[in-house]
Amino acid sequence: MKAYDPHEIEPRLQLQWQESGLYTVDETSDKPRKYVLEMFPYPSGDIHMGHVSNYTYGDVVARYSRMRGFNVLHPMGWDAFGLPAENAAIKHHSHPAKWTYDNIDTQRASFKRMGYSYDWDRTVVACDPEYYRWGQWIFLEFWRRGLVERRNSPVNWCDDCGTVLANEQVIDGRCWRCDSEVQKRDLTQWYYKITDYAEELLADLDQLTGWPENVKQQQANWIGKSEGANVDFALVPLAETRSPLASDCEIGGDVVPPISCPAESGSGPQASGTNSDREVITVFTTRADTLFGCSFFVVGPEYEGLAALVAGTPNEADVLAFAEEARKVSAVERAQGDREKHGIFTGRYVVNPVNGEQVPVWVADYVVADYGTGAVMAVPCGDQRDFDFARKYDLPIIPIILSEDDPLYEQLKDQQGRVVTQVDWTEAYGAEGVLVQSGPYTGMKGGKHSPAEAAIVAALEAAGTGKRTTEYRLRDWLISRQRYWGNPIPAIHCPQCGVVPVPEEDLPVRLPEDIDLAAGETLATHAGFANTTCPVCGGPAKRETDTMDTFTCSSWYYMRYCDPHNVHAPFASDRVNAWMPVDQYIGGIEHAILHLLYSRFFTKVLRDAGMLDFDEPFTNLLCQGMVLDAHGEVMSKSKGNVVSPEEMIQDYGADAVRAAMLFMGPPDKEKLWNDDIVPSMMKFLNRVWRIVHDLVGKAGDDTLFDPQADASDVHTLAMAMKRERHRVVGKVTDDFDRNNFNTALAAIMELTNAVASFLRLRPADHRMACQTGGPLCQDVAETLVKLIAPIAPHMADELWQTVLGQSGSVHEQPWPEYDPEQAKADEVEIAVQLSGKVKARIMVAADADEDAAVAAAKEAVEAQLAGKTIVKQIYVPGRLVNIVAK
RNA sequence: GCCCGGGUGGCGGAAUGGCAGACGCGGAGGUCUCAAAAACCUCUACCUUCGGGUGUGUGGGUUCGACUCCCACCCCGGGCACCA
């Protein structure tokens, strides 16, 4: 027997697989198709343990699927545009392409060394003009469909990266890439109008039954749908303002005079002050039911009409100064949720449309600028933020929604007028409750989506002062970047014709290669690139010099894999429709929002463009957990705790590294790396290697079972091995179907243990005659090799081809069959419980009926049953007998 | 604050409401060996007066039976967050 030597076996088989084109997809095959995909890597350097984890899972799924009879598409490529390449180029006075392609070469070699079964003919590299050309084409298609917009607005600017960022790339006010503080700047930028798809992106999450719940939850949070209403508050003209100073701005006195309301006047909410000639400030609210509790009104410091609003008021200068200061607060500081609130009275009033009350308008820093209308109605009774603000500035808190258990409810439930009660609460009442002091709605149930909310919105709509609306937290996707190493935006700025698209036949707009980034050159300063002619009028014009966010590249690469060499289009629809959606997608949880949301968006747009016949790109999603060091710390160069896959392969071989990664735990959980695990897997593979050799050595031996010798033991263990063979195939099949790689491997170990027991118990000098012994050994050996083939593909193929002497590769073999009947034992051990406590264990026939099992069980616990009456007995076949006795 | 996960031996982790701790690591002892390595074997949750008792974050509940289901709480990880 040759010793197991992964360093000899692995490179040899990798070459054999490559030369035979084992993993090249055959588009003409009539097998059912399966698309197995892992998120493509960014070529940042050599691979790390996170890559090993991700791509090993994908490779096991791909290899297992092939053996299950699928025609499997399993491609690999690189997400090759991005800032690190540019920084490296500046540092080394070279070109980003060099750094990128060098790293791709390194990674490709490592992936091959890991034995991953990719179809390398389909590789997509995002910075290849043959790929990014079609990213530009898709940009133009989005433009044609009205989904591209260029607009000026406050954007996130990262100074260290020298570019703007999408909302999704700002984490707690910091840049996702370099962690430096993000500033707000007013800039004209390019957007993809993802908000047009907000509703569908949210609603279709329900279709994604193969996605982890937390990812769907994160996307739903990010989209952030709120159903409510826009309500118009009419501005009281300055001339009619009755109380000009901030200090008297409360609704005067303790008792507000009774207001007219439908119960008295017979009409809907008073539309007082909503004449068309009056200026209106609109607010968005999900709690229209609390309108009667509105005691002030707030606009944010960024509110557009602020200057006009305060023009001519006594406090104009102070208000503008306050707003200016508030705007300067950094995003990082603002990201802290429980900041102290600050505000100032504007001197103006608006009219509450439900009751005609005039309420003071404040400017405060707790109003979010780009959500809703940038203005809110304040109901301190029902909203904690308004409550805090009211307390700080001594503004009225009018109880209008209460729990029925509240003593105050008894006092107020029949209150006719409007008592401005300064309640002694310590916090707002945010829950559902019953309305009081709310005109005709008093006594109705209030809360989000409550009857009172519906009734009040309906009345506002009837009166023309309100409208049902849905707001989303999702913002449009800012796709332009002020960087070189990205996909150029195919647009031209013509002084005559404005901003015009680059004609399709002129694609791709190529990145100039002769650029000196180290000297500070940019696309904008590169004359050869920036200067062009207008495709409409032919006059001199400037090229757009922003590039696209790299996430635009990763939003459709999985479609390109289906038709990677197409020179006429991004892809042929029939090819993509034949493979997609991706059956199993695997990647890191950090893309729960960014990449996965953008990809879903692209899919829906291209579907609407008639290019795709499916709604969602990824049917099943597996988000792998991070690989951490033994102490649960993230591996990083600065901490010096990085485990190198390359070193592990050198020491133990790729198969052992793969097995170790799979065995560490469930794929979606964090994995704590332990240095002992790879050698122990090497040990296990060695054991399999020897066992298969041993079994094959016995396979030709038709004298295996000698009834003259200790036949009972040998026969018993042979039968146990056979049962285990069937049971384990069932278990492994089930586990692979559910991506439970760790327990699949554990089950394979159990089979090897059964085989080892069998082999050990048969001393070499036993010569036995049996018809079935040899074939059983051969069958078990083949089965074991097939089961382990997806996990340790090199060793399995070597055993298959040389030790088992089979032709072809094990990776083309059908997955082993199993017979559940044969997995059953004749006799099983069951537990005997007394009132749920295990008291004994007995052997019974596997098919024992209840009477037999219970009788045997009683015998086993006879002593403990003495003097007791049996109340109940439960028999779970193959498991236990539970006797309840008093 | 809201929304997801999770809490099981010394460690990683197993358990369709049915014998908790599969499988592996580590540890102890042994076989083989001149010796070591490798390989193989046995043991390995805790307490115990050796009868048994206790154990899956805590406290209740449902059930013949709960790691699993329900209620309340504690702790850890993640996401969202002055989003009206």
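The sequence lines fix the lettering, A, B, ..., with proteins before strands; numbering per chain opens at 1.
Base orientation of B:G9: syn, the glycosidic angle falling within 90° of 0. Nucleotide B:G27 carries an anti base; the chi torsion (O4'-C1'-N9-C4 or O4'-C1'-N1-C2) is more than 90° from 0.
Rounded to a whole angstrom, the distance from the P atom of B:A22 to that of B:G5 is 28 Å. The gap from the C1' atom of B:A45 to that of B:G13 amounts to 15 Å, rounded to the nearest Å. Taking atom P on both B:C73 and B:C2, the two are 11 Å apart, rounded to the nearest angstrom. Straight-line distance between the P atoms of B:G10 and B:G21: roughly 16 Å, to the nearest whole Å. Atom P of B:A28 sits at a distance of 15 Å from the matching atom of B:C46, rounded to the whole Å. Nucleotides B:U33 and B:A38 have their C1' atoms positioned 11 Å apart, rounded to a whole Å. Of the P atoms belonging to B:G55 and B:G9, the separation is 14 Å, rounded to the nearest Å. Remark: the separation of the C1' atoms in B:G57 and B:C50 is 32 Å, to the nearest Å.
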- Please, what dot-bracket string fits RNA chain B when only Watson-Crick and G-U pairs with both distances under 3.5 Å count, crossing ones use [ ] and pairs to another strand use |? (((((((..(((.....[....)))((((((.......))))))(((....)))..(((((..]....))))))))))))....
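Mapping A:Lys671 and A:Tyr366 onto RNA chain B via the closest heavy atom, the residue that lands nearer the 5' end is A:Lys671. Position along RNA chain B of the nearest nucleotide to A:Lys839 versus A:Asp386 favours A:Lys839 as the more 5'-ward residue.
Nucleic acid contact class of A:Lys225 (heavy atoms, under 4.0 Å, all strands): none. Counting any heavy atom pair closer than 4.0 Å across all strands shown, A:Asn221 reaches a base atom. A:Val884 comes within contact range of the sugar-phosphate backbone alone, with a heavy-atom separation under 4.0 Å but no base atom that close. Contacts of A:Pro666 with the nucleic acid, taken as non-hydrogen atoms under 4.0 Å apart, involve only primed sugar atoms and P, OP1 or OP2. In this structure, A:Val215 reaches neither bases nor backbone, as no heavy-atom distance under 4.0 Å exists between it and the strands shown. Residue A:Glu829 is classed as a base contact, given a heavy-atom separation below 4.0 Å to a base.
At whole-Å resolution of the value, CG in A:Leu880 and P in B:A66 are 12 Å apart. A:Arg287 has its CZ atom 10 Å from the C1' atom of B:A84, to the nearest Å. Rounded to an integer number of Å, the gap from CG of A:Asn230 to P of B:C83 is 17 Å. Taking atom CD on A:Gln218 and atom C1' on B:G5, their separation rounds to 10 Å, with Å as the unit. In this structure, the CD atom of A:Glu670 is 17 Å from the P atom of B:C11, given to the nearest Å. Going from atom CE of A:Met377 over to atom C1' of B:A84 covers 8 Å, rounded to whole Å. Here the C1' atom of nucleotide B:A81 and the CD atom of A:Gln384 are 14 Å apart, to the nearest Å. Distance, A:Lys448 NZ to B:C83 C1': 9 Å, rounded to whole Å.
Proximity of a side-chain donor or acceptor of A:Asp383 to a complementary backbone N or O of A:Asp386 within less than 3.5 Å is detected. Counting only distance, with no hydrogens or angles, the side chain of A:Arg475 and the backbone of A:Asp370 share a donor-acceptor pair below 3.5 Å. With hydrogens and angles ignored, the 3.5 Å screen pairs no side-chain donor or acceptor of A:Asn230 with any backbone N or O of A:Thr469. Without hydrogens or angle criteria, A:Asp365 side chain to A:Ala326 main chain gives no donor-acceptor distance under 3.5 Å. When atom types are taken as modelled, the side chain of A:Asn641 and the backbone of A:Ser636 share a donor-acceptor pair closer than 3.5 angstrom.
A:Ile397 has its side chain within reach of A:Phe387: a pair of non-hydrogen atoms, C-beta onward, lies under 4.5 Å apart. Contact of the A:Arg690 side chain with the A:Tyr4 side chain is not registered, since no non-hydrogen atoms from C-beta on lie closer than 4.5 Å. With contacts defined as side-chain heavy-atom distances shorter than 4.5 Å, the pair A:Phe389/A:Leu395 qualifies.
Side-chain to base pairing of A:Arg385 with B:A84: one donor and one acceptor N or O lie within less than 3.5 Å of each other.
Taking the six-membered ring for Trp and thresholds of 30 and 60 degrees, A:Phe736 and A:Phe741 have ring planes inclined between 30 and 60 degrees apart. The aromatic rings of A:His693 and A:Trp689 lie tilted to each other, with the angle between the two planes from 30° to 60°.
Contact between A:Ile748 and A:Val732 at its shortest, heavy atoms only, is CG1-CG2, 3.8 Å.
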- Note on the structure: Contact string for nucleotides 20-29 of chain B, one letter per nucleotide 5' to 3', B = base within protein heavy-atom range under 4.0 Å, S = sugar-phosphate only, - = neither, reads --BBSSS---
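Distances shown here put a side-chain N or O of A:Tyr371 below 4.0 Å from the OP1 or OP2 atom of B:A84. For A:Arg690, a side-chain nitrogen or oxygen approaches OP1 or OP2 of B:C40 to under 4.0 Å. An OP1 or OP2 oxygen of B:C82 is reached within less than 4.0 angstrom by no side-chain nitrogen or oxygen of A:Lys392. Distances shorter than 4.0 Å separate some side-chain N or O of A:Arg473 from OP1 or OP2 on B:A81.
Aromatic pair A:Tyr393/A:Phe296: centroids not less than 6.0 angstrom apart.
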